[in-house]
Structures are given as structure tokens and as C-alpha cells.
Amino acid sequence: QVQLVESGGGLVQPGGSLRLSCAASGFTLDYYRIGWFRQAPGKEREGVSCISSSSDNTYYADSVKGRFTISRDNAKNTVYLQMNSLKPEDTAVYYCATARLFIPASAWASASNYRYWGQGTQVTVSS
């Protein structure tokens with residue numbers, strides 16, 4: 001059974017850090033571009049970051065550039081999102097997903113270009 005499981009979310013104060021993990025089971029992540037998305041209440045799901053299968057290329061939303069870092073460990077079948085300098089506006093449910101094959105890299109932030117999704121992990125940034 002194909003499954004993605006996110007973990008690492010929680011409550012953190014502004015300026016704090018969290019590291020999210022996305023673990024895959026039932027298939028190997030090696031050949032997939034993986035994206036992180038987030039969705040805040042009343043807002044559309046937005047692309048946060050994406051990493052190529054070989055880790056050669058990474059992409060970030062402007063709102064998180066310089067604060068978030070995406071990485072992957074194919075040996076552990078896991079992708080990570082290191083989030084530093086967190087702000088209240090980063091509060092959302094965070095999801096990881098596998099990109100559909102042959103999607104151009106320029107379309108990484110479109111949720112419709114992803115096939116398998118995890119259940120999400122809540123990140124709350126508040127004092």
C-alpha cells in the first residue's frame with residue numbers, strides 16, 4: 001500500500017524551528033520529485049518547497065526562501081523540511097506529496113501536479 005506519513009509538527013514560538021519528515025512506505029521515493037505544501041484555514045493549499053529525485057534541484061516559495069530547507073535521504077525513503085525563523089503566518093497543516101512524472105520543474109508549486117499525498121501535520125507558530 002502506497003503511503004506517505006508526515007511528522008514533526010507542533011507548537012513553536014515565533015523565531016523557533018521545526019523539522020518535518022515525510023516517510024514513504026509501500027514504494028520507493030528515489031524516482032520522485034517530492035513537494036511540501038501547506039494549507040491554512042480558509043486558504044488554498046500552497047506549494048512551499050520541492051526537491052528533485054537526485055537532490056540536485058530545490059525550489060522554494062518566496063515566502064520561505066532563506067528560512068526553510070528541503071532535503072532527502074533516499075536510503076531512509078524520507079524527505080525533510082527544516083523550518084527556521086518561523087513566523088505566525090507559517091501556521092498551517094503541512095503535507096508532502098509525490099510529483100507526477102514528466103511534470104516540468106516550473107510547475108512544482110501546483111498541487112494538481114502531485115499524485116500521492118500524506119495526511120498532513122499541524123504546525124502552529126504562536127507565542
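Side chains are part of it too, since the values below use all heavy atoms of this structure and drop only hydrogens, waters and symmetry mates.
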| Distance-minimising heavy-atom pair for Val123 and Leu18 | CG1-CD1, 3.9 Å

| said: Is there a path of hydrophobic side-chain contacts, each under 4.5 Å between heavy atoms, that joins Tyr80 and Ile34? | reply: no

| Side-chain (Asn77) to main-chain (Cys22) donor-acceptor, under 3.5 angstrom | no

| query | With a 3.5 Å cut-off and no angle check, do the side chains of Asp73 and Thr78 form a donor-acceptor pair? | reply | no

| request: Evaluate the side-chain contact (heavy atoms from CB on, under 4.5 Å) criterion for residues Asn57 and Ile51: first the C-alpha distance (whole Å), next the side-chain angles of each, then the deciding distance (0.1 Å), finally the verdict. | output: CA-CA 6 Å; Asn57 296 294; Ile51 187 167; over 6 Å; no

| query | Under 3.5 Å, is there a donor-acceptor pair between the side chain of Gln119 and the main chain of Val5? | reply | no

| Spatial distance of atom CG (Leu81) from atom CG (Leu20) [nearest 0.5 Å] | 5.0 Å

| task | Walk me through it: do Ser71 and Gln82 pass the test side-chain contact (heavy atoms from CB on, under 4.5 Å)? | result | CA-CA 8 Å; Ser71 63; Gln82 177 67 43; over 6 Å; no

| query | Does Phe37 sit in a hydrophobic cluster with other residues, and if so which ones, taking ILVMFWY side chains as linked at heavy-atom separations under 4.5 Å, directly or through other members? | reply | Tyr59, Val93, Tyr95, Trp108, Tyr114, Trp117

| said: Tell me if a side-chain donor or acceptor on Arg115 pairs with a main-chain N or O of Leu101 at a distance below 3.5 Å. | reply: no

| request: Give, for atom CG of Leu4 and atom OG of Ser21, the distance between the pair rounded to the nearest 0.5 Å. | output: 12.5 Å

| field | Side chain Thr121, main chain Gly9, donor-acceptor under 3.5 Å | value | yes

| query | What distance do Asn74 atom CG and Ser55 atom OG have between them, rounded to the nearest 0.5 Å? | reply | 6.0 Å

| Does any pair with a residue in residues 40-49 pass salt bridge (Lys or Arg N to Asp or Glu O under 4.0 Å), and if so which ones, sequence neighbours excluded? | Arg38-Glu46

| query | With hydrophobic residues grouped by side-chain heavy-atom distances under 4.5 Å, do Val79 and Tyr116 end up in a single group? | reply | yes

| said: If we ignore hydrogens and angles and just use 3.5 Å, is the side chain of Ser110 paired with the main-chain N or O of Ala107 as donor and acceptor? | reply: no

| query | Does a side-chain heavy-atom distance below 4.5 Å link Ser17 with Val12? | reply | no

| Within 6.0 angstrom of Arg100 CZ, more than 12 heavy atoms from elsewhere | yes

| Non-hydrogen side-chain atoms of Phe68 and Val48 separated by less than 4.5 Å | yes

| note | The side-chain contact (heavy atoms from CB on, under 4.5 Å) partners of Ser53 (sequence neighbours excluded) come to Arg72

| message | Is there a side-chain contact between Lys87 and Pro14 in this structure, where contact means two heavy atoms from C-beta onward sitting under 4.5 Å apart? | response | no

| Short N-O contact, Asp62 and Lys65, less than 4.0 angstrom | yes

| field | For Tyr94, the option from Glu6, Gln122, Met83 that meets side chain to side chain contact (heavy atoms under 4.5 Å, CB included) | value | Met83

| said: What verdict does the ring-ring contact (aromatic ring centres under 6.0 Å, His included) test give for Phe27 and Tyr32, after you've listed the backbone C-alpha separation in whole Å, the side-chain angles of each residue and the deciding distance to 0.1 Å? | reply: CA-CA 10 Å; Phe27 73 110; Tyr32 291 95; 5.7 Å; yes

| Short side-chain donor-acceptor distance under 3.5 Å, Thr124 and Ser126 | no

| note | So OG of Ser52 and CZ of Arg33: to nearest 0.5 Å the spacing works out to 7.5 Å

